[in-house]
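Both backbone and side-chain heavy atoms feed into the values below; hydrogens, waters and symmetry mates do not. Proteins come first, then strands; the chains are lettered A, B, ... in the order of their sequence lines, and each starts at number 1.
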2 protein chains.
Amino acid sequence: MKRKATINDVAKAAGVSKGLVSFAFNDRPGVSPDTRDRILTVARELDYRPSLSARSLSTRTSYAFGLVIARDPEILGADPFFPSFIAGVERVLLQEGRALVLSVVADEQHEATVYRTLTADARVDGVFITDLRHDDSRIPLLRELGMPAVTLGRPEGSHAGDPDAFPAVSLDDTPGIVAAAQHLIDLGHRRIAHVIGPRRMLHATRRNAAFAATLEAAGLPADLVIETDFTAAQGASATETLLDLAEPPTAVVYGNDPMAIAGIGVAHERGLRLPDDLSITGFDDSELARYVYPALTSVRTDPLAWGEAAAHALLRLTTTGVAADIDLEPARVITRASTGPVRA
Amino acid sequence: MKRKATINDVAKAAGVSKGLVSFAFNDRPGVSPDTRDRILTVARELDYRPSLSARSLSTRTSYAFGLVIARDPEILGADPFFPSFIAGVERVLLQEGRALVLSVVADEQHEATVYRTLTADARVDGVFITDLRHDDSRIPLLRELGMPAVTLGRPEGSHAGDPDAFPAVSLDDTPGIVAAAQHLIDLGHRRIAHVIGPRRMLHATRRNAAFAATLEAAGLPADLVIETDFTAAQGASATETLLDLAEPPTAVVYGNDPMAIAGIGVAHERGLRLPDDLSITGFDDSELARYVYPALTSVRTDPLAWGEAAAHALLRLTTTGVAADIDLEPARVITRASTGPVRA
DNA sequence: GGGGGGATCTAAACCGGTATAGCTTTGGCC
DNA sequence: GGCCAAAGCTATACCGGTTTAGATCCCCCC
């Protein structure tokens, strides 16, 4: 196994100083076209690749981005968002010679430790902030640490184009929820429940606000709201609670597909017929949604595109120092057999 | 924002040479207890942390491990294995000051490129090999690249304790499949189908061999085997195919939970009653299994423990140069309502 | 012919650690 | 007292890049 060629080998072979090789490799002015060609040719012949760690030491740059996920692995396992999001991120980073450092932690206590460690070790040049929360502690923390970041969605209290805020890459999910609710209203439903994710998560309350506004615009009360932790278990028990009501809903909107599928399970367990006795919608449009019985009406987002956009934004932010906010195609509802007209 | 303290600052403040500080920090002999204490105290006061990139450059070590997943994001999103596995890995690495570099690629072509890049950039000190395949190209590739690795399960053709092979961390899944098949046989089923994952994956054929052996030991044919790509879509279409047979099976064993749940969907779509008309089992025992209707009998493994064990093994391999094979608690079947006696 | 001035290039410092050769100091032993 | 070895420590090279100060050269122009 031959030793890897270094910049010194290239410099020697090309008969120039190593500084000049560095210049040539970084497209900096002050290298004559002839010399540049010669250097690059020699480098190719020697199969030279600049050493990442040497570069990191010299430039204080790690050429990697971080993603810290604070979720229980059980929930993550059923969640189609992250794999697709990561695949999208990866697609961009691979080409740019960047790597993705992933951390999965159970609670938000460890989360802060991980961010501090990533920063202290200069392990990453920037991070993605997913699952924004109310009064999100990560924002001031990363500010304090001086770690660049991109948020998925806009944090509370930050207005579009705020120059002090981290760049936000947003995919508006409210049109999807509004469409789902309106779809149910159009089918004649008058009592529609909403089983949402944890309230401390921004998207849970934002979606619920959109849901409530849609119902109220139709003159309906939006009082049947149950908060869960996004697990199928809590989706199931929320459904039990709803169906046990004196006046149970005729339709339930769930915050994710696993909860909706668990809701279908509970309804079937009770001998209800879907969608005749109960209409159900999910969120995320996971692959499974199409194949459960009845096929699940769900709200589709595009996590892959989200990942790509976020990666581009973070790349721009860390290289140029600024990055504009990005708005992606909003979520939309995919109608399937789990929703139908309310029984006469 | 004050500049981070370096080893030189500590050396100066403690009145010693920087070499000695390095020695003190790496618990090497040749430092008197008094001096060591003084150095460590001063370091704490200055909030000194050794620079990762400087260390990397000097030691040719990245203090990170890699995980390359070659799966379609759609499938990954429904798969409970990886999030839990990663959480297990992480739990070990965090304490050891290591990071996890993740790559999700769509096909096995890109896979090789990613491994080459990770190696050329010395981005990681070792990798985890999951989803072993027949004649797995990653093994010779990583050998050639000189990249340490740990395999999940033992590769083909390598015997226990092979000193030339990568350390294997195994969780035997055959007892789970055998138990599932036997469970169905005990319930009186005589025509049992197996919907398996891609045949090029080692675990798919291994599980099918265990399945076939169990049926044959009971004097039953094991001829109903359908290969899929692990998607719910193909799980559904395999189920269609089976139910369209002149003599359809009375029970189906699926290679993962999403396919089994899709199978339930197809059966319900056709008006079959479960488990009276058809018994169904899954694999992985995802959280959702318990909450679908009927609750899904599934085979449970422990991906979290698998991740921890694999991380420990890779840590040992990269630091000491050797690591013993590890065998974890085998998989077992969790019986639920989706399996029942065959109809008289 | 001499004096800018820009382009091209070199030498050397620097990033922050690790590793090694060698210098003191101390203590044991004859 | 003298010799030797081990312990404790320093000085310095080294890892492989980037960056800066300054040297050299060439061309143009007065």
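Bending across the helix from C:dG1-D:dC30 to C:dC30-D:dG1, expressed as the angle between its end axes from five pairs apiece, amounts to 60° (10° rounding).
Of the possible polar contacts, one joining the A:Arg138 side chain to the A:Thr130 backbone as a donor-acceptor pair under 3.5 Å is found. Side chain of A:Asp121 to backbone of A:Arg123: no donor-acceptor contact under 3.5 angstrom is found. At distances below 3.5 Å, not a single donor-acceptor pair connects side-chain atoms of B:Ser58 with backbone N or O atoms of B:Ala54. The closest donor-acceptor contact from the side chain of A:Asp136 to the backbone of A:Arg133 lies under 3.5 Å. Although no hydrogens or angles enter the test, the distance criterion places a donor-acceptor pair under 3.5 Å between the side chain of B:Ser56 and the main chain of B:Thr61.
A 4.0 Å heavy-atom criterion places the boundary nucleotides of DNA chain C facing chain A at C:dT8 to C:dG16, written 5' to 3'.
Judged as a side-chain contact (heavy atoms from CB on, under 4.5 Å), and not counting sequence neighbours, the contacts of B:Arg55 are B:Asn26, B:Pro50, B:Tyr63. The side-chain contact (heavy atoms from CB on, under 4.5 Å) search around B:Pro167 returns B:Val150, B:Leu317, B:Ala323, B:Asp325, not counting sequence neighbours. Residues meeting the side-chain contact (heavy atoms from CB on, under 4.5 Å) test with B:Asp164, sequence neighbours left out: B:Asp162.
Every pair tested for ring-ring contact (aromatic ring centres under 6.0 Å, His included) that includes a residue from residues 135-156 of chain A fails, sequence neighbours excluded, so the list is empty. Pairs of residues two or more places apart, or lying in two chains, that qualify as side chain to side chain donor-acceptor pair (under 3.5 Å) and include a residue from residues 305-317 of chain A are A:Arg91-A:Glu308.
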Please output the side-chain donor-acceptor pairs of residues 92-106 of chain B that fall under 3.5 Å, not counting sequence neighbours, one pair per line with the distance.
{"residue": "B:Arg98", "atom": "NH1", "partner": "B:Glu96", "partner atom": "O", "Å": "3.3"}
{"residue": "B:Ser103", "atom": "OG", "partner": "A:Glu90", "partner atom": "OE2", "Å": "2.8"}

Listing, residues 30-37 of chain A side-chain donor-acceptor contacts under 3.5 Å, not counting sequence neighbours, or none:
{"residue": "A:Ser32", "atom": "OG", "partner": "A:Thr35", "partner atom": "N", "Å": "3.3"}
{"residue": "A:Ser32", "atom": "OG", "partner": "A:Thr35", "partner atom": "OG1", "Å": "2.6"}
{"residue": "A:Arg36", "atom": "NH1", "partner": "A:Ala24", "partner atom": "O", "Å": "3.3"}
{"residue": "A:Arg36", "atom": "NH2", "partner": "A:Arg28", "partner atom": "O", "Å": "3.4"}

Reading 5' to 3' through nucleotides 5-17 of chain D, protein heavy-atom contacts under 4.0 Å coded B for base, S for sugar-phosphate only, - for none
---SBB----BBB
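Residues of residues 113-125 of chain B having a heavy atom closer than 4.0 Å to DNA chain D: none are found.
At a threshold of 4.0 Å, the pair B:Lys12-B:Asp9 does not count as salt-bridged, since none of the basic side-chain nitrogens sits closer than that to a carboxylate oxygen.
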Collect all protein-nucleotide pairs involving nucleotides 24-28 of chain D in which both atoms are nitrogen or oxygen and the distance is under 3.5 Å.
none

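For the pair B:Lys18/B:Thr6, no side-chain contact is recorded, criterion being any heavy-atom separation below 4.5 Å from C-beta on.
Note on ring orientation: taking the six-membered ring where Trp is involved, the planes of A:Phe81 and A:Phe85 are parallel (angle under 30°, cut-offs 30° and 60°).
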